[in-house]
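Quick note: numbers below take in every heavy atom, side chains included, and nothing from hydrogens, waters or symmetry partners. Here is the naming used below: chain letters follow the sequence lines, and residue numbers restart at 1 for every chain.
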Number of protein chains: 2
Amino acid sequence: MTNSTIDRILDAAEVEFAAHGFVETSLRTITTKAKVNLAAVNYHFGSKKGLIQAVTDRFLGPLTQHLQNQLSAYEKQPSLDSQNQQELQALFTLLAHSCQHVAQKNHHSLAVFARLINMAYSQSQGHLRKHLTHQYGASFLYFMKLLRQYMPAMTNEQFFWRFHYLLGTLVFALSSSEALLAICEREYDESRRIDQIMSDLVLVLASAAQAPMIGDQSS
Amino acid sequence: MTNSTIDRILDAAEVEFAAHGFVETSLRTITTKAKVNLAAVNYHFGSKKGLIQAVTDRFLGPLTQHLQNQLSAYEKQPSLDSQNQQELQALFTLLAHSCQHVAQKNHHSLAVFARLINMAYSQSQGHLRKHLTHQYGASFLYFMKLLRQYMPAMTNEQFFWRFHYLLGTLVFALSSSEALLAICEREYDESRRIDQIMSDLVLVLASAAQAPMIGDQSS
DNA sequence: TATTGTTTTAAACATACGTTTAAAACTAAC
DNA sequence: GTTAGTTTTAAACGTATGTTTAAAACAATA
């Protein structure tokens, strides 16, 4: 019962959506690559919107669940002596590891997931945004709450924007990592891999999170 | 002869592209909002691709020109005593001000600009990417070269990635700034505007640029 | 085997899109 | 006022899309 019609559709849709976006990917392209009849999408998922939500749910579900576990475990292990920089690095590392964990399990590249999130964020898919916030808003806010602890020197509004800058950095870096790797293959070391990128990203995010506020002179 | 057909099309296209993206915006929507006949787009711009390039050129041209002037003026005014953090902030501020200078007339220009780069990066949009690199690649590299001076404590490869993280932060923040503004309208101060966002972004970018490397203990 | 429910299939449907066409309207020079 | 060139207009074209339909194929049960 492996590689059923539903799974083959989801697999193909995942790749195509990540590569070309939701709107520019037709159901005919997906069903052809999945070697499945065109009507199968409407039969199993109701509509294209249903398919999009199913694709996102398949990895966002495990991702948030894994992240939730990691975060709650981290929260129960207090480390009061460490500094904000280290705490922030730890939180971002947990996020990075959760992403990699889910990507590994689904046998798909991390870039695919990142591009999906990018699409969900930047493309004006109204129904998707509502679905995501309704389904995963809690986990989202939980991560935000933990981050907030270690970014105390700013107002809620400032934190709100800072948080989205950091999210943007993460999503964009992962989305274009494959393309960028291809670009610098000939100019730089080929052996640099995703986990190295993630390690460096964590440091960047932690530093960016602690950037001074306007009118603030402390570093 | 102000508000000619061409200008009305460009104005409407700019707004619609920024709001709904390039693919999701139809020529019929644009021509209706511009109060212009449908065929006018093909007559004046040849095709939808031509319109997209015209829309982007209308602000990317002035933007790069303005930025080039600012950068070369900045380069001729040496300030050897200042630190990297200040120099980086200055460079990013120049970029932000150039963006704002061009976007003064229409606030949607920035969103279009960001979306364009986002697509050129994440998607394999052939004609768009080629057009941009061919037209504005030099200015791009010039800005990169100046930045490189004040990020000395890393290899070329590390700088390459750092640069793209920063670009990702900028692009993502600008791409979703409208949506995020809409989100936080009810939770935060409505009066917070783009220029405040940009000011904070500059600080974030400068700090992120100076984040420690892996294995580095200095801040 | 016969029957029931589920899944797959091929075809058609309705709609929206970018583009083209050819006539009409307009502009400016002679 | 006529003419030549440019712009605008309404209509149609061809294509691609998501969706629906109804028959066929399949699976499981009695």
Side-chain angles (χ1 to χ4, degrees), chain A residues 1-58 116 119-120 123-131, chain B residues 1-58 112 115-116 119 123-128 130-131:
Chain A
M1 203 38 104
T2 45
N3 271 19
S4 67
T5 299
I6 293 180
D7 290 330
R8 288 214 309 281
I9 291 176
L10 287 175
D11 288 337
E14 203 171 62
V15 174
E16 292 301 313
F17 283 156
H20 308 109
F22 297 118
V23 193
E24 301 172 45
T25 301
S26 71
L27 294 184
R28 282 169 175 82
T29 302
I30 294 173
T31 53
T32 299
K33 300 236 175 188
K35 291 174 181 174
V36 153
N37 187 270
L38 168 63
V41 169
N42 290 87
Y43 178 75
H44 286 291
F45 300 98
S47 65
K48 189 180 182 180
K49 287 182 180 179
L51 174 61
I52 293 174
Q53 290 188 5
V55 166
T56 57
D57 282 339
R58 190 164 68 143
L116 285 177
M119 301 289 176
Q123 273 185 273
S124 64
Q125 292 276 338
H127 70 99
L128 225 196
R129 187 163 296 178
K130 285 180 183 173
H131 175 71
Chain B
M1 205 34 103
T2 46
N3 271 19
S4 68
T5 300
I6 293 181
D7 290 330
R8 288 214 309 281
I9 291 177
L10 287 175
D11 289 338
E14 203 173 60
V15 173
E16 292 303 312
F17 284 156
H20 307 109
F22 297 109
V23 194
E24 293 159 295
T25 301
S26 71
L27 294 183
R28 283 172 173 82
T29 302
I30 294 173
T31 52
T32 299
K33 300 239 175 185
K35 292 176 181 174
V36 154
N37 188 270
L38 168 62
V41 170
N42 291 85
Y43 177 77
H44 288 289
F45 300 98
S47 63
K48 189 180 181 181
K49 286 182 181 178
L51 174 61
I52 292 175
Q53 290 189 3
V55 167
T56 58
D57 283 338
R58 190 164 69 145
V112 175
R115 275 176 180 274
L116 178 75
M119 290 179 184
Q123 288 183 224
S124 55
Q125 191 92 9
H127 76 98
L128 219 60
K130 285 179 182 174
H131 177 70

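Out of D/dA10, D/dT20, D/dT19, the shortest distance to the side chain of A/Arg28 is found at D/dT19. With distances taken from any side-chain atom of B/Ser26 to the nucleotides C/dG18, C/dT20, C/dT9, the minimum falls on C/dG18. Counting only heavy atoms from C-beta on, A/Tyr43 has its side chain closest to C/dT8 among C/dG18, D/dT21, C/dT8. Among the nucleotides D/dT17, C/dG18, C/dA10, the one closest to any side-chain atom of B/Lys48 is C/dG18. Residue B/Leu27 has its side chain nearest to C/dT19 when only C/dT19, D/dT9, C/dA10 are considered. For A/Asn37, the side-chain atoms get nearest to C/dT8 when compared with the rest of C/dT8, D/dG18, C/dG18.
Nearest-nucleotide mapping onto DNA chain D: of A/Ala39 and B/Ala40, the residue sitting toward the 5' end is B/Ala40. Residue B/Lys35 is the one, among B/Lys35 and B/Leu38, whose nearest nucleotide of DNA chain D lies closer to the 5' end (criterion: closest heavy atom).
When the side-chain nitrogen and oxygen atoms of A/Thr5 are compared with OP1 and OP2 of C/dT8, one or more of them lie within a distance under 4.0 Å.
For the pair B/Leu10/B/Leu51, a side-chain contact is recorded, criterion being any heavy-atom separation below 4.5 Å from C-beta on. Contact check for B/Phe17 versus B/Thr56: no side-chain heavy atoms found under the 4.5 Å cut-off. Under the 4.5 Å side-chain criterion, counting only non-hydrogen atoms from C-beta, B/Phe45 is not in contact with B/Val55.
Judged by distance alone, the side chain of A/Thr25 and the main-chain N or O of A/Phe22 form no donor-acceptor pair under 3.5 Å.
With rounding to the nearest 0.5 angstrom, the CG atom of A/Asp11 is 12.0 Å from the CD1 atom of A/Ile6. Rounding to the nearest 0.5 Å places CD1 of B/Ile30 at 7.0 Å from OG of B/Ser26. Atoms NE2 and CG, from B/His44 and B/Asp7 in turn, are 10.5 Å apart once rounded to the nearest 0.5 Å.
Rounded to whole Å, atom C1' of C/dC17 lies 16 Å from atom CD of B/Glu16. Taking atom CD1 of B/Ile9 as the reference point, atom C1' of D/dT7 lies 11 Å away to the nearest angstrom. The nearest whole Å value for the distance from the CD atom in B/Glu24 to the C1' atom in D/dT17 is 14 Å. Distance CG (B/Asn42) to P (D/dA11): 18 Å, rounded to an integer number of Å. Remark: P of D/dT17 and CZ of A/Phe22 are 17 Å apart, rounded to the nearest angstrom. When rounded to the nearest whole Å, the span between NZ of A/Lys49 and P of D/dT19 equals 9 Å. If you take CG of A/Leu51 and P of D/dT17, they are 15 Å apart, rounded to a whole angstrom. Spacing between atom NE2 of A/His44 and atom P of D/dG18 amounts to 17 Å, rounded to whole angstrom units.
Nucleic acid contact class of B/Thr25 (heavy atoms, under 4.0 Å, all strands): sugar-phosphate only. Residue A/Thr31 is out of contact with every strand shown, counting any heavy-atom pair closer than 4.0 Å.
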Show each protein N/O and nucleotides 22-27 of chain D N/O combination with a separation under 3.5 Å, one pair to a line.
none

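A side-chain contact (heavy atoms from CB on, under 4.5 Å) with B/Leu27 is found for exactly one of B/Ile9, B/Val41, B/Thr32, namely B/Val41.
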